[in-house]
Amino acid sequence: MSVMNSRPALRWLVPAAAVAVVVGGGAAVGTLAATAEPSLPPRTAQQLLVDLQTARLDGLSGTVVQSADLGLPNLPNLSGAGSGTADIASLLTDTNQLRVWYSGPDKTRVALMGTLGETDVIRNGKDLWLWSSKQNKATHRTISDADTRSHQLPTDLPLTPQEAADRALAAVDPTTEVSVGRSATIAGRDAYELVLAPRDKASLVGQVRIAIDATEHVPLRLEIYPKGSDQTAFQIAFTQIDFARPDEAQFRFNPPPGAAVEESTGVPEAAKPDRPEGAPKTAEEAGVTTVGEGWTTVVVAKGGEDAAAGQQDEQAKQVLGVLTPVSGAWGSGHLLSGRLFSALLTDDGAIYAGLVSPERLYEVALEHK
């Protein structure tokens, strides 16, 4: 049995590791695809926010380069051997090149280019494909209305500057200071820069910077900086972009001869009589709550006794083996600490995670003891 089933709380470990990216986003690779600062007419932060919200995009294609230096240990593969999702999880730790095609919200394709093959996520209407050329395996899923309403897709990681910017902009509220940064030239396009900064200095995030195409008003680059650092922890940017609508053939996927094909049925165990089968669990049903607000929110995922009992699973041992053992008045457990976030996995099967220091997680764990 997979550790993801025997210890449900561990399902939150990888998303917790990606929490800095979801809000957006040593060996940092520097600023991607930027040249000299162009001269552009002045625009206020409010005008740039309106530009982003009112942009109308018929289509685009291009090449995206993404890098992450989150300060994470080398975690074991939690996604299962042979899964294309494991390749996508490399977005948390590596430098990656992706090809993207967009022809409307229901026609998208992202190809993660690897040294041994590529992993594609392709949406064409109600059809969603995950393809791993390295494993010669395709997984198909029919997107339900519940998926569309909840934006529930196979990966929670943003695969384009647009997805990353959408999630970062969702954090714009009274806890966020919004300003205009320096303009830049990215992938040959002039761009404004919108800067988001937490007002609460307890957050480990210093700034999120979004470069916006001066003409098309779409995000061309997103960078996340830890507090007190001028080196990015996460960045994703176009190095080449074309705003012409891609050919329809880019969104039609037919598994090659000999490929293993799996039909995914979603998450039927989450279904209830009063909602469609396959509808995702709500956060409350999954045992997930939050403490605090804005950039210092702590996510609390309680796994219960079954989760604690599952810690003897071999995969669970591998995960815990690379984390730092910690203990205190709140109890004992293991800590995953990065440049932008912390995650605490307790021995009683709970996970506490946020864009905050470990000390803040210990306080919340003590409050929930």
Evaluation steps, side chain to side chain contact (heavy atoms under 4.5 Å, CB included), between V121 and W129:
CA-CA 6 Å; V121 180; W129 289 92; over 6 Å; no

So that I can tick it off, tell me whether [Y] and [X] are bridged by a salt bridge, with the cut-off set at under 4.0 angstrom between side-chain N and carboxylate O.
{"X": "D348", "Y": "K302", "answer": "no"}
{"X": "R209", "Y": "E193", "answer": "yes"}
{"X": "K134", "Y": "E118", "answer": "no"}
{"X": "E367", "Y": "K369", "answer": "no"}

Measuring from [X]:[atom1] to [Y]:[atom2], what's the distance to the nearest 0.5 Å?
{"X": "R109", "Y": "S103", "atom1": "CZ", "atom2": "OG", "result": "13.5 Å"}
{"X": "T297", "Y": "L355", "atom1": "OG1", "atom2": "CG", "result": "8.5 Å"}
{"X": "S67", "Y": "Q235", "atom1": "OG", "atom2": "CD", "result": "4.0 Å"}
{"X": "T54", "Y": "L49", "atom1": "OG1", "atom2": "CG", "result": "10.5 Å"}
{"X": "D106", "Y": "N124", "atom1": "CG", "atom2": "CG", "result": "7.5 Å"}
{"X": "D58", "Y": "Y102", "atom1": "CG", "atom2": "OH", "result": "9.0 Å"}

Hey, is CZ on R199 packed in by over 12 heavy atoms from elsewhere, all under 6.0 Å?
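Yes, the 6.0 Å shell around CZ holds more than 12 heavy atoms from other groups.
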
Neighbour count above 12 (heavy atom, 6.0 Å) for Q47 CD
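Yes, because the 6.0 Å sphere around CD of Q47 holds more than 12 heavy atoms from other groups.
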
Do [X] and [Y] belong to the same hydrophobic cluster, where Ile, Leu, Val, Met, Phe, Trp and Tyr are linked whenever their side-chain heavy atoms lie under 4.5 Å apart, directly or via other members?
{"X": "I186", "Y": "V195", "value": "no"}
{"X": "I236", "Y": "M113", "value": "no"}
{"X": "V208", "Y": "Y192", "value": "yes"}

Nearest heavy-atom pair of [X] and [Y]: which atoms, and what distance?
{"X": "A184", "Y": "R221", "result": "CB-NH2, 4.4 Å"}
{"X": "D51", "Y": "H217", "result": "O-CB, 3.5 Å"}
{"X": "N136", "Y": "G258", "result": "ND2-O, 3.3 Å"}

Pair D242-L60, side chain to side chain contact (heavy atoms under 4.5 Å, CB included): steps then yes or no
CA-CA 5 Å; D242 184 343; L60 67 76; over 6 Å; no

Using distance alone, with no hydrogens and no angle criterion, decide if T63 and R99 have a side-chain donor and acceptor under 3.5 Å apart.
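R99 and T63 do have a side-chain donor-acceptor pair below 3.5 Å.
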
Would the W101 and F251 ring centres measure less than 6.0 Å apart?
no

Given side chain to side chain contact (heavy atoms under 4.5 Å, CB included), test T232 with D69 step by step and report yes or no.
CA-CA 7 Å; T232 59; D69 179 20; over 6 Å; no

Could you tell me if the side chain of [Y] sits less than 4.5 Å from the side chain of [X], heavy atoms only?
{"X": "V300", "Y": "V364", "result": "yes"}
{"X": "Y352", "Y": "H368", "result": "yes"}
{"X": "L196", "Y": "S179", "result": "no"}
{"X": "R189", "Y": "I241", "result": "yes"}
{"X": "R339", "Y": "L70", "result": "no"}
{"X": "L336", "Y": "L345", "result": "no"}
{"X": "T296", "Y": "V298", "result": "no"}
{"X": "L52", "Y": "L194", "result": "yes"}

Please output the side-chain donor-acceptor pairs of residues 320-335 that fall under 3.5 Å, not counting sequence neighbours, one pair per line with the distance.
| unit_1 | atom_1 | unit_2 | atom_2 | d |
| --- | --- | --- | --- | --- |
| S332 | OG | D347 | OD2 | 2.6 |

Start with the C-alpha distance between V65 and F238, add both sets of side-chain angles, then the distance that settles side chain to side chain contact (heavy atoms under 4.5 Å, CB included), and finish with yes or no.
CA-CA 6 Å; V65 173; F238 280 102; over 6 Å; no

Consider side chain to side chain contact (heavy atoms under 4.5 Å, CB included). Of L128, L130, T139, which one does S264 pass it with?
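Of L128, L130, T139, side chain to side chain contact (heavy atoms under 4.5 Å, CB included) with S264 is met by T139 alone.
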
